[in-house]
Amino acid sequence: MDTLELGLAGKVAIVTGGSEGLGLACVERFARSGAKVAACARRKDVLERGVDQVRRATGGDILAMTADVTKGAEVEAFVKATLARFGGVDILVNNAGLQHVAPVEEFPVETWERLVRVMLFGAFYLTRAALPHMYAKGWGRIVNIASVHGLVASPYKSAYVAAKHGLVGFTKAVALEAAEKGVTVNAVCPSYVRTPLVEKQIADQAKVHGISEDAVIRDIMLAPAALKRLLEPSEVAAYVRFLCSDEASGITGATQVIDAGWTAR
C-alpha cells in the first residue's frame, strides 16, 4: 500500500460511478491512501468486477453497492449503508455521468433529462445526504467531477454541457454554505480522459460528423488542447485525492482545471 502522505487513513470516502474509468481510479487512489471507500454504480457486474480488482491490488476496505443516483431513496439507502459499515462520511466524490451526442432538434427528451438528472440532481441528492455527517465532524471534502465542458461548450452536447455548467454553479453555492463548518467543495474540470465514456463518445461523434474515429480524436477532441493526448484516469484521481487532503484546506469553491491547455487559448 502507498505511503499515507496525504493523511487519509481512517477517512471514509464515497465515490459515485465507481465501477470503471475515473470513478474506479478514485476508488483505487483513496484505498491506496488508507481511506475506507464506498462505491456505487448502476451495473452490479461491472461494479463488483472493478472493486474486486482494487481490493486485490490495495487490500483496501471497500463497500460496493448498486444505486441509481437519480433516485433519492436509493441515494439515502447507499449513504445509510456506508454509515452502517464505516461509521461516517468524510469525503464525497460526485463522479457518476453519461453522455449522448446529438443535435438539439434530434435529442431524445428522455435522454436529455436523464443526463441532467444523473450529473446535477444526483450530485444534489448525494451532497444533501452526506453534508450533515461532515458538519457533525467539522471536517469534510466534496469534489464534483465536472468537465472542461462545465466552462466551455461543444456542439451536439447540449445536455452534458448544461449539466456540467450547473454542477460548477452548484459547487460554488455549496462551498459558500459549508465553508464555516469545515467542509470544502470543489469541482474538477478535466478535458477528455481515457475512459469507457470517452470511447463511446468517439464512436458517437464519428457517426454525427461522418468521419473516422481517428479523425474525431485528432480533429475534434484534441484540436483545442495544447497537449495532444488524452488524460489518464490516474492523473485526475491524483488531483481529486489532493483536494481531499488537509494540505488543500484553503481551496474551496474552485473549478480546478486539468485540461491539457484547452482553456489557455
Side-chain angles (χ1 to χ4, degrees), residues 1-2 4 6-98 118-119 121-137 139-145 183-185 188 195-197 233-234 236-238 240-245:
M1 183 174 288
D2 289 351
L4 308 180
L6 293 183
L8 298 186
K11 300 295 187 186
V12 178
I14 286 178
V15 181
T16 69
S19 60
E20 57 187 359
L22 178 53
L24 187 61
C26 288
V27 170
E28 180 172 1
R29 185 69 65 165
F30 287 136
R32 290 189 182 280
S33 298
K36 301 172 183 179
V37 188
C40 77
R42 291 185 67 202
R43 295 176 55 189
K44 182 178 180 180
D45 57 336
V46 180
L47 176 63
E48 291 183 347
R49 182 166 61 247
V51 168
D52 283 346
Q53 291 174 352
V54 173
R55 286 195 189 105
R56 290 195 297 271
T58 66
D61 190 356
I62 306 169
L63 168 68
M65 182 172 171
T66 56
D68 183 341
V69 299
T70 70
K71 297 179 179 179
E74 293 192 20
V75 167
E76 291 286 347
F78 174 53
V79 173
K80 287 180 180 179
T82 302
L83 294 169
R85 171 79 171 264
F86 299 128
V89 178
D90 303 292
I91 295 165
L92 169 63
V93 178
N94 286 307
N95 168 72
L98 68 161
V118 168
M119 292 179 282
F121 282 54
F124 163 68
Y125 292 147
L126 264 301
T127 300
R128 184 176 185 275
L131 262 181
H133 305 287
M134 298 179 183
Y135 287 166
K137 291 185 176 183
W139 193 97
R141 299 286 185 267
I142 298 175
V143 180
N144 296 319
I145 305 300
V183 179
T184 66
V185 188
V188 173
T195 65
L197 180 66
S234 60
V236 184
V240 171
R241 184 180 71 168
F242 169 70
L243 290 173
C244 296
S245 69

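Side-chain atoms of K11 and W139, non-hydrogen and from C-beta on, do get closer than 4.5 Å to each other. By the 4.5 Å heavy-atom criterion applied to side chains, H133 and L83 are counted as neighbours. Contact check for N94 versus I145: no side-chain heavy atoms found under the 4.5 Å cut-off.
Within 6.0 Å of NZ in K44 there are 12 or fewer heavy atoms belonging to other residues, nucleotides or ligands. Heavy-atom neighbours of R128 CZ from other residues, nucleotides or ligands within 6.0 Å: at or below the threshold of 12.
Considering every non-hydrogen atom in both A129 and V75, the closest pair reads CB-CG1, 4.4 Å. Contact record, L8 with S245: CD2-CA, 4.5 Å, taken as the closest heavy-atom pair. Of all heavy-atom pairs between F86 and V12, the closest is CB-CG2, 3.6 Å. Contact record, T184 with L243: OG1-O, 4.3 Å, taken as the closest heavy-atom pair. Residues L24 and G18 share a closest heavy-atom pair of CD1-O, 3.5 Å. For the residue pair A67 and C40, the shortest heavy atom distance occurs at CB-CB, 4.1 Å.
A donor-acceptor pair is defined here as one N or O able to donate and one able to accept, closer than 3.5 Å; no such pair exists between the side chain of R42 and the backbone of T66. Checked by atom type and distance alone, the side chain of T16 pairs as donor or acceptor with a backbone atom of A96 at under 3.5 Å.
In this structure, the side chain to side chain donor-acceptor pair (under 3.5 Å) partners of D68, at least two apart in sequence or on a different chain, are T70, R114. N95 is linked by a side chain to side chain donor-acceptor pair (under 3.5 Å) to nothing, counting only residues two or more places apart in sequence or in another chain.
Atom CD1 in I62 sits 8.5 Å away from atom CD in E28 (nearest 0.5 Å). Rounded to the nearest 0.5 angstrom, L126 CG and I14 CD1 are separated by 6.5 Å.
Looking only at atom types and distance, the side chain of S33 has a donor-acceptor partner in the side chain of R241 under 3.5 Å away.
Comment: D90 does not engage R141 in a salt bridge, judged by the lack of any side-chain N to carboxylate O separation of less than 4.0 angstrom. Salt bridge status for R55 with D61: absent, with no side-chain N to carboxylate O gap under 4.0 Å. Under 4.0 Å is where a charged nitrogen must lie from a carboxylate oxygen, and between E76 and K80 no such pair does. Ionic pairing of R49 and D52 is not present here: no N-O contact between side-chain nitrogen and carboxylate oxygen is shorter than 4.0 angstrom.
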